[in-house]
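Heads up, the thing below is written out as structure tokens.
Naming: A, B, ... by sequence-line order, numbering from 1 per chain.
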Amino acid sequence: MDSGRITQVSHYPLFLCCSKELPLDPTVMDEMDLPQMKKEVESLKYQLAFKREKSSKTVPDLVKWIEEGVPDDPFLNPELMKANPWVEKGKCTIL
Amino acid sequence: MGELEQLRQEAELLKKQIEEARKGVADTTLAELTSGIEVVGRVQMKTRRTLRGHLAKIYALHWSTDSRLMVSASQDGKLIVWDTYTTNKVNAIPLRSSWVMTCAYAPSGNFVACGGLDNMCSIYNLKTRDGNVKVSRELTAHSGYLSCCRFLNDNEIITSSGDTTCAVWDIETGTQKTVFMGHTGDCMSLAVSPDLNLFISGACDWSAKLWDLRDGNCRQTFIGHESDINAICFFPSGNAICTGSDDATCKLYDLRSDQELTSYSQESIICGITSISMSRSGRMILAGYDDFNCNIWDTLKAERIGECSSEPGHSDLIMEPLSILLFQVWTDCSLPPLLLSGVLAGHDNRVSCIGVNEDGMAAATGSWDSFLKIWN
């Protein structure tokens with residue numbers, strides 16, 4: 001990869017070091033070089049162009065989706081959990 | 001003014017404009033819309049199975065699409081494919097590198113994959129003619145650790161890496177078809193949309209990004225977390241995402257209005273989230289924390305409604321054959337009590353990873369103490 005990039009040693013997984021170090025400062029734009037910065041600007045323009053819908057439309061849709069799905073959610077509908085494959089029905093276990 | 005400085009200013013301006021655009025569509029809140037909805041009743045999950053076999057901390061698990069088989073990866077350098085109904089080990093796969101951080105089950109059930117500090121994604125064929133599981137490909141190109149991987153199909157897999165990129169690979173040729181660049185910190189986790197057209201990544205730059213698999217573009221970037229995002233999942237409809245962070249909160253982001261809807265946190269919870277999954281309807285969020293607890297949240301009301309933990313005083317181990325044997329040995333002759341107490345007592349479930357299966361019938365947790373548990 002680019003030689004100018006910072007190696008993020010602080011983010012090696014937990015089993016290598018006792019705890020993660022202080023969070024990375026997100027203003028890493030200061031360390032980007034010209035090609036990276038050009039790509040970042042292009043990406044931001046593309047993301048700005050996204051057609052956002054009003055939350056008064058999208059959030060009720062989300063809530064409705066959940067409410068319609070609850071009857072099919074085994075964690076919330078005990079009827080469905082009656083057919084629990086991890087619980088033996090009757091005295092014998094079918095192997 | 002140099003070109004670099006101009007670009008930096010342009011980027012700052014664009015970010016401000018994106019924030020303005022978000023505010024422009026924020027004409028309601030989740031809290032307002034759910035004020036009339038009751039909180040889900042307290043959830044009591046019971047351990048249905050304990051899967052024993054690994055010899056060290058479980059790092060990752062992934063359900064098969066059949067909602068019965070599951071693959072787990074452990075620091076002991078093994079992948080184990082489990083039949084969760086019977087607790088039988090279908091496959092025990094020794095890995096070339098024991099520093100594994102992630103594993104994945106192909107939707108077809110034909111392959112599993114894993115990777116970690118070896119910077120590679122290794123693909124294993126479970127259905128070889130002679131019945132022996134074999135490495136079928138080693139995908140090398142990342143210059144950092146492999147934090148997560150997910151199959152799109154038997155020939156395509158998505159990976160996220162500590163080198164800050166994600167990639168889609170053609171497994172047959174072993175090459176990266178598309179590289180997704182844009183994160184400025186290690187990518188820690190990824191999830192694929194239900195329609196397989198998009199995926200999301202969470203990173204150490206405190207942001208989550210939504211990527212288009214067809215054109216390679218970053219469609220949206222979700223900010224708000226105040227530390228690394230370790231865990232990420234799609235809301236089951238594909239229209240929202242859920243993140244878990246070192247800042248001790250989970251957040252729900254709505255894709256269509258491009259904003260954060262709510263945060264799941266409590267003053268008493270001060271440690272990071274390491275894994276996250278949702279129930280089938282999306283009404284519940286199950287999150288694994290750094291203190292090894294697993295909290296269950298009501299997605300709509302942002303309240304904690306339960307946890308996956310063994311009830312104090314109730315030792316479900318008493319019912320299991322191993323402990324019955326040990327108990328008998330203990331009463332017949334003297335065994336060091338320490339040996340016994342390690343098995344019978346203190347089986348707190350210390351969660352390092354979590355996943356709800358496709359039919360929503362169970363949650364699996366992988367534990368620091370090398371066991372996996374199935375709950376419902």
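Remark: the A:Ser55 side chain and the B:Asp27 side chain contain an N/O donor-acceptor pair separated by less than 3.5 Å. With 3.5 Å as the limit, one finds a donor-acceptor pair spanning the side chains of A:Gln47 and B:Thr221.
The pair B:Arg283-A:Glu67 does not meet the salt-bridge criterion, since no charged nitrogen lies less than 4.0 angstrom from a carboxylate oxygen. Salt-bridge check for A:Glu88 with B:Arg49: passed, with a basic side-chain N closer than 4.0 Å to an acidic carboxylate O.
In this structure, the separation between OG1 on A:Thr58 and CG on B:Asp254 is 3.5 Å, given to the nearest 0.5 Å. The structure places CG of B:Leu33 at 10.0 Å from CG of A:Leu62, a figure rounded to the nearest 0.5 Å. Atoms CG and CG, on B:Leu13 and A:Leu44 in that order, are 10.0 Å from each other to the nearest 0.5 Å. A distance of 5.5 Å separates CG of A:Asp72 from CZ of B:Arg280, quoted to the nearest 0.5 Å. Note that CD of B:Glu10 and NZ of A:Lys38 are 11.5 Å apart. Values are rounded to the nearest 0.5 Å. Taken to the nearest 0.5 Å, the CE atom of A:Met37 stands 9.5 Å off from the CD atom of B:Glu5.
Chosen from A:Ser43, A:Pro74, A:Pro71, A:Pro60, the residue pairing most often with chain B at heavy-atom distances under 4.5 Å is A:Pro74. With chain A as the partner, the residue from B:Ser237, B:Gly282, B:Ser279 showing the most heavy-atom pairs under 4.5 Å is B:Ser237. Of the residues considered (B:Leu255, B:Thr86, B:Asn217, B:Thr34), B:Asn217 shows the highest number of contacts with chain A, using heavy-atom pairs under 4.5 Å. The candidate with the highest count of non-hydrogen atom pairs below 4.5 Å against chain A, out of B:Gly2, B:Pro236, B:Gly24, is B:Pro236.
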Open item on the list: Run the side chain to side chain contact (heavy atoms under 4.5 Å, CB included) test on B:Asp258 and A:Glu53 for me, step by step, so that the C-alpha distance in whole Å, both residues' side-chain angles and the decisive distance to 0.1 Å come before the verdict.
Closed with: CA-CA 8 Å; B:Asp258 188 36; A:Glu53 297 176 70; over 6 Å; no
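Using a 4.5 Å cut-off between heavy atoms, B:Lys209 contacts chain A through its side chain alone, with no backbone atom that close. Proximity to chain A (any heavy atom under 4.5 Å) is shown, for B:Leu7, by both the backbone and the side chain. Contacts of B:Leu30 with chain A are made by both backbone and side-chain atoms, with heavy-atom separations under 4.5 Å. When heavy atoms are compared at a cutoff of 4.5 Å, A:Ala83 approaches chain B solely by way of its backbone atoms N, CA, C and O. Neither the backbone nor the side chain of B:Ile296 comes within contact range of chain A; no heavy atoms are under 4.5 Å apart. B:Ser67 touches chain A through its backbone: at least one of N, CA, C or O sits under 4.5 Å from a heavy atom, while the side chain does not. Using a 4.5 Å cut-off between heavy atoms, B:Asp247 does not touch chain A at all. Of the atoms belonging to B:Arg22, heavy atoms from both backbone and side chain fall under 4.5 Å from chain A. For chain A, the nearby parts of B:Ile18 are the backbone and the side chain; heavy atoms of each come within less than 4.5 Å. Proximity to chain B (any heavy atom under 4.5 Å) is shown, for A:Leu34, by both the backbone and the side chain. Using a 4.5 Å cut-off between heavy atoms, B:Val43 does not touch chain A at all. Contact of B:Asp83 with chain A is not made at all, since no heavy-atom distance falls under 4.5 Å.
Side-chain contact between A:Met81 and B:Asn376 is present, with heavy atoms from C-beta onward closer than 4.5 Å.
Not one N or O on the side chain of B:Ser257 forms a donor-acceptor pair closer than 3.5 Å with the backbone of A:Arg52. In this structure, the side chain of A:Asp73 engages the main chain of B:Ser281 through a donor-acceptor pair within 3.5 Å. In this structure, A:Trp86 contributes its side chain and B:Met361 its backbone to no donor-acceptor pair below 3.5 Å. With hydrogens and angles disregarded, no donor-acceptor distance shorter than 3.5 Å links the side chain of B:Arg48 to the backbone of A:Val87.
Scanning all heavy atoms of the two residues, the minimum distance from A:Phe75 to B:Met284 falls at CD1-CE, 3.8 Å. The minimum heavy-atom distance linking A:Glu40 with B:Lys15 is given by the pair OE2-CE, 4.0 Å. The shortest non-hydrogen separation linking B:Arg256 to A:Phe50 is O-CE2, 3.8 Å.
Every side chain to side chain donor-acceptor pair (under 3.5 Å) that B:Asp66 has, sequence neighbours left out, goes to B:Ser64. Here B:Asn239 pairs with nothing under the side chain to side chain donor-acceptor pair (under 3.5 Å) rule; sequence neighbours left out.
Other residues, nucleotides and ligands place more than 12 heavy atoms under 6.0 Å from the NZ atom of B:Lys301.
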